[in-house]
Amino acid sequence: MNILRRNVLKGAGAAGAVTVAVAAGLMKPTAAFAGWNKAGFESKNLDSALGSIGGNSASASGDISVKAPDIAENGAVVPVEIISNIAGTDSIAIIGEKNTLPLIAVFNLSNGAQGYISTRIKMGSTSNVIALVKAGGKSYKAHKEVKVTIGGCGG
Amino acid sequence: MAEPMKIRASMSGDTADVKCLMNHPMETGLRKDAKTGGVVPAHHITNVTASVNGKTVMDAEWGGGISKNPYLAFKVKGAKAGDKVQISWTDNQGDRNTAETTIG
């Protein structure tokens with residue numbers, strides 16, 4: 001009876017499903033959109049951006065692969081794929097080494113999400129794309145250089 | 001109201017591939033308007049969450065360094081065909097959007 005009722009409610013649409021999830025205690029309203037690392041994302045300094053996500057002591061790892069083009073003609077759209085083969089990858093962060101704002105994104109993974117993220121980023125100038133992976137309380141990193149012919153940050 | 005977003009999920013082996021395209025200007029707050037010379041205010045997605053059958057699988061924080069009209073793909077192990085995948089975002093101006101699909 002209850003299961004049927006839930007399915008009917010879910011059918012009411014995406015907003016309905018969220019309401020049901022919240023009501024059922026599966027998703028706390030605060031947890032749905034946790035905080036935003038303002039200090040990290042607004043930092044114009046690579047070291048402090050890395051520090052804000054606890055990445056200063058990250059060790060280089062060959063188990064992370066950063067796939068990006070060797071040369072990006074348009075820095076506004078650089079496809080990036082990060083694959084972490086480290087068991088128990090908890091989070092993947094993407095950093096543009098010489099971007100005005102180096103920290104680009106942090107992805108926290110849970111409940112079966114694999115160490116894989118594919119997206120498109122902006123790059124201000126030729127530099128390294130750094131992937132910072134956290135697994136089991138330790139930090140690892142890897143990078144790949146991308147040559148940018150037209151910067152994408154429009155500074 | 002935000003523009004609609006596209007979401008697609010398919011099984012490959014025991015892993016679900018989820019792909020998503022969002023519509024968003026993703027202004028960094030650094031760019032100058034060519035005509036007025038004034039700085040275009042920051043307007044970008046700050047938080048993205050994804051869930052499978054109501055369980056959060058990914059919870060991301062974004063800066064303005066993600067490209068305009070963002071593309072995002074990720075993989076979830078243990079998901080099954082027929083499971084519901086939902087992706088939501090909010091931006092720094094309080095706008096938000098949600099899309100849902102069924103793994104095919």
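So you know, we letter chains A, B, ... as the sequences are listed, proteins then strands, and number each from 1.
- In this structure, chain A has no heavy atom under 4.5 Å from any part of B:Asn92.
- Within a 6.0 Å radius of CZ in B:Arg8, other residues, nucleotides and ligands contribute 12 heavy atoms or fewer.
- Side-chain N or O atoms of A:Asn111 include one that pairs as donor or acceptor with a backbone N or O of B:Thr56 at under 3.5 Å.
- Hydrophobic clustering (side-chain heavy atoms under 4.5 Å, transitive across Ile, Leu, Val, Met, Phe, Trp, Tyr) groups A:Leu109 together with B:Val85.
- Using a 4.5 Å cut-off between heavy atoms, B:Ile45 does not touch chain A at all.
- Nearest approach of A:Tyr116 to B:Ala73, heavy atoms of both residues: CE2-O, 3.9 Å.
- From B:Trp62, atom CH2 reaches atom OG1 of A:Thr119 across 5.0 Å, with rounding to the nearest 0.5 Å.
- With chain A as partner, the option from B:Lys77, B:Met58, B:Lys75 having the largest number of non-hydrogen pairs under 4.5 angstrom is B:Lys75.
- Side-chain atoms of A:Trp36 never come within 3.5 Å of backbone atoms of B:Gly63 as a donor-acceptor pair (strictly under, hydrogens ignored).
- Between B:Leu30 and A:Lys44 there is a side-chain heavy-atom pair separated by less than 4.5 Å.
- Residues of residues 37-44 of chain B lying within less than 4.5 angstrom of chain A, judged on heavy atoms, are B:His44 in numerical order.
- Contacts of A:Phe41 with chain B are made by side-chain atoms alone, with heavy-atom separations under 4.5 Å and no backbone atom involved.
- Contacts of A:Lys38 with chain B are absent, with no heavy-atom separation under 4.5 Å from either backbone or side chain.
- A:Arg120 CZ to B:Met26 CE: the interatomic distance, rounded to the nearest 0.5 Å, is 11.5 Å.
- Put simply, A:Ile130 and A:Ile83 are part of two different groups of oily side chains (I, L, V, M, F, W, Y) that touch within less than 4.5 Å, one to the next.
- No part of B:Lys19 comes within reach of chain A, as not one of its non-hydrogen atoms sits under 4.5 angstrom from that chain.
- Looking at A:Val80, neither its backbone nor its side chain comes within 4.5 Å of chain B, counting heavy atoms on both sides.
- One N or O on the side chain of B:Ser67 and one on the backbone of A:Ala76 form a donor-acceptor pair closer than 3.5 Å.
- Listed here is the closest heavy atom pair of B:Val57 and A:Ala113: O-CB, 3.2 Å.
- Note on A:Val106 and A:Leu46: same hydrophobic cluster, where clusters join Ile, Leu, Val, Met, Phe, Trp and Tyr whose side-chain heavy atoms are under 4.5 Å apart, directly or indirectly.
- Annotation: the span from B:Thr46 atom OG1 to A:Asn37 atom CG amounts to 11.5 Å, rounded to 0.5 Å.
- Linking ILVMFWY side-chain heavy atoms closer than 4.5 Å, directly or via other members, places B:Val76 and A:Ile86 in a single hydrophobic cluster.
- Transitive grouping of hydrophobic side chains (ILVMFWY, heavy atoms separated by less than 4.5 Å) brings B:Met11 and B:Val52 into a common cluster.
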